[in-house]
Amino acid sequence: MQRLPNLTWLRTFEAAARLLNFTEAGRELGLTQTAVSQHMKALESALGCRLFTRKARGLDLTDLGKAYLPTVRQALTDIGRTTTSLFGPTAKQTIVVKLPISTAALWLAPLLPDFARAHPKINIRMVSNIWADSTLGDDVDVEIRLGHGDWPDAQALRVSSEAIVPVTAARSASDIRGPKDLAAGPLIHILGHDDNWRRYFAAAGIESDGTGHRFAVDTSIAALELVEAGGGHACVVARFAESAVRAGRAVAIVGAPIGFPQAHYLMRPATARRPRPEAALFEDWLLARFAEDAGASG
């Protein structure tokens, strides 16, 4: 059998290596500082090498400790993820999922019942924001942002490519024969996506100074409501428009998609904090949904 150290020692090692503090690691694991120290001494003895350099004001990993940590972390994550996937959490668990309001309402919400049926012991508390803020809160388990991926407070893993499409009320879709008909307005402007119409018309070789904007709203949700009510045309993220059409909303896509510089990103804390097993399971499910959309559009 392959050489395998005590799993409890490995779990303690991961926490101590991440926090570089035995006391804080013990607090996270429900152990005393002495117990953490004993675990690390036992692990180092079993491995025959030092994993930490003890300093007067803290700890540092040795080169072997740094090399060992990624494998240990991945192994613990895989064990937790697989255990939750196969056997479910030991009791009802709630994870907090944060994402842009339009992504939440127009794309994710219709998909969540599928996750709930597959994982009945995991509850979802979904919170949303209009603008991508700069704080990855400690109480948020999974966060998705829409933007350029340039947030300084966290690591950002790109999980989608996006496009934009023009939409109008379904009852008037037959009147739109091309971009020139759209340029005649009225146009709905979405704050935060300031250049959607200019980008769309430039791709069609049409100059537009934006004077056709009748309404300005701060979400794609409001834009689609206005479109459905006959308030004009909007240029929105394609996945939002497609979801609205699938849901039976009285809107129609009236032009080919064009590229959009923003994308959805899965946020990770700047510190190497491991997600809870149920949160990691939801992340896997969420990434699969983005991948399915990419495959369908491809």
**Asked** Taking atom CZ of F13 and atom CG of L69, what is their separation to the nearest 0.5 Å?
**Response** 5.0 Å
**Message:** Looking at D175, is its backbone amide N or carbonyl O close enough to the side chain of S172 to form a donor-acceptor pair, meaning the two atoms are under 3.5 Å apart?
**Reply:** no
**Request:** Check L76 against R11 and note the closest heavy-atom contact, atom names and distance.
**Result:** CD1-CA, 3.8 Å
**Item:** Nearest heavy atoms of I95 and E278, plus distance in Å
**Value:** CG2-CG, 3.4 Å
**Item:** T12 side chain vs T8 backbone, donor-acceptor pair below 3.5 Å
**Value:** yes
**Message:** Using only atom types and a distance under 3.5 Å, with no angle test, would you say the side chain of R171 pairs donor to acceptor with the backbone of E228?
**Reply:** yes
**Side chain proximity check, E44 to F52, heavy atoms < 4.5 angstrom** = yes
**Prompt:** Is the shortest heavy-atom distance from the side chain of I122 to the side chain of F115 under 4.5 Å?
**Reply:** yes
**Message:** In the structure I gave you, are the side-chain heavy atoms of L43 and H39 within less than 4.5 Å of one another anywhere?
**Reply:** no
**Asked** Linking I/L/V/M/F/W/Y whenever any side-chain heavy atoms sit under 4.5 Å apart, do L281 and L111 land together?
**Response** yes
**Asked** How far apart are the closest heavy atoms of A241 and V167, and which atoms are they?
**Response** CB-CG1, 3.7 Å
**Request:** Quick one: do L20 and L61 satisfy side chain to side chain contact (heavy atoms under 4.5 Å, CB included)? Show the steps, please.
**Result:** CA-CA 8 Å; L20 292 177; L61 286 166; 4.3 Å; yes
**Message:** Tell me whether W9 shares a hydrophobic cluster with L7, the cluster being built from Ile, Leu, Val, Met, Phe, Trp, Tyr side chains joined at under 4.5 Å.
**Reply:** yes
**Asked** Does atom CG of D150 have more than 12 heavy-atom neighbours, drawn from other residues, nucleotides or ligands, at distances under 6.0 Å?
**Response** yes
**Message:** Any heavy-atom pair between the side chains of I221 and F240 that's under 4.5 Å?
**Reply:** no
**Item:** Euclidean distance, E14 CD relative to Q74 CD, rounded to 0.5 Å
**Value:** 11.0 Å
**Request:** Work out which heavy atom in I206 is nearest to a heavy atom in A183; give both atom names and the distance.
**Result:** CG2-CB, 4.4 Å
**Request:** Go through the steps for F201 and L182 under the test side chain to side chain contact (heavy atoms under 4.5 Å, CB included), then give the verdict.
**Result:** CA-CA 9 Å; F201 290 133; L182 290 167; 4.1 Å; yes
**Request:** For S45 and K41, indicate whether the former's side chain and the latter's backbone hold a donor-acceptor pair under 3.5 Å.
**Result:** no
**Prompt:** Ignoring hydrogens and geometry, is there a side-chain-to-backbone donor-acceptor pair from E143 to K98 under 3.5 Å?
**Reply:** no
**Chi angles and distances behind the side chain to side chain contact (heavy atoms under 4.5 Å, CB included) call for V97, D141** = CA-CA 6 Å; V97 180; D141 295 295; over 6 Å; no
**Item:** Atom CZ of R54 with >12 non-hydrogen neighbours under 6.0 angstrom
**Value:** yes
**Request:** Could you tell me whether R18 and E24 make a salt bridge, using a distance below 4.0 angstrom between a side-chain N and a carboxylate O?
**Result:** no
**Asked** Just by distance, do the side chain of S220 and the backbone of S102 share a donor-acceptor pair under 3.5 Å?
**Response** no
**Asked** Considering only heavy atoms from C-beta outward, does the side chain of L19 approach that of L59 to under 4.5 Å?
**Response** no
**Item:** Chi angles and distances behind the side chain to side chain contact (heavy atoms under 4.5 Å, CB included) call for I253, E242
**Value:** CA-CA 8 Å; I253 298 172; E242 292 161 358; 4.0 Å; yes
**Polar side-chain atom of W197 near backbone of I188 as donor-acceptor pair, under 3.5 Å** = yes
**Message:** Is any side-chain heavy atom of W107 closer than 4.5 Å to one of V237?
**Reply:** no
**Prompt:** What is the ring orientation for H264 with F290, classed by angle as parallel under 30°, tilted 30 to 60°, or perpendicular over 60°?
**Reply:** tilted
**Prompt:** Side-chain contact, heavy-atom cut-off 4.5 Å: L112 with M126?
**Reply:** yes
**Prompt:** Are the side chains of Y68 and T62 in touch, meaning some heavy atoms are under 4.5 Å apart?
**Reply:** no
**Prompt:** Are L187 and F260 co-members of a hydrophobic cluster defined by side-chain heavy atoms under 4.5 Å apart?
**Reply:** yes
**Item:** S160 backbone acceptor or donor facing R158 side chain under 3.5 Å
**Value:** yes
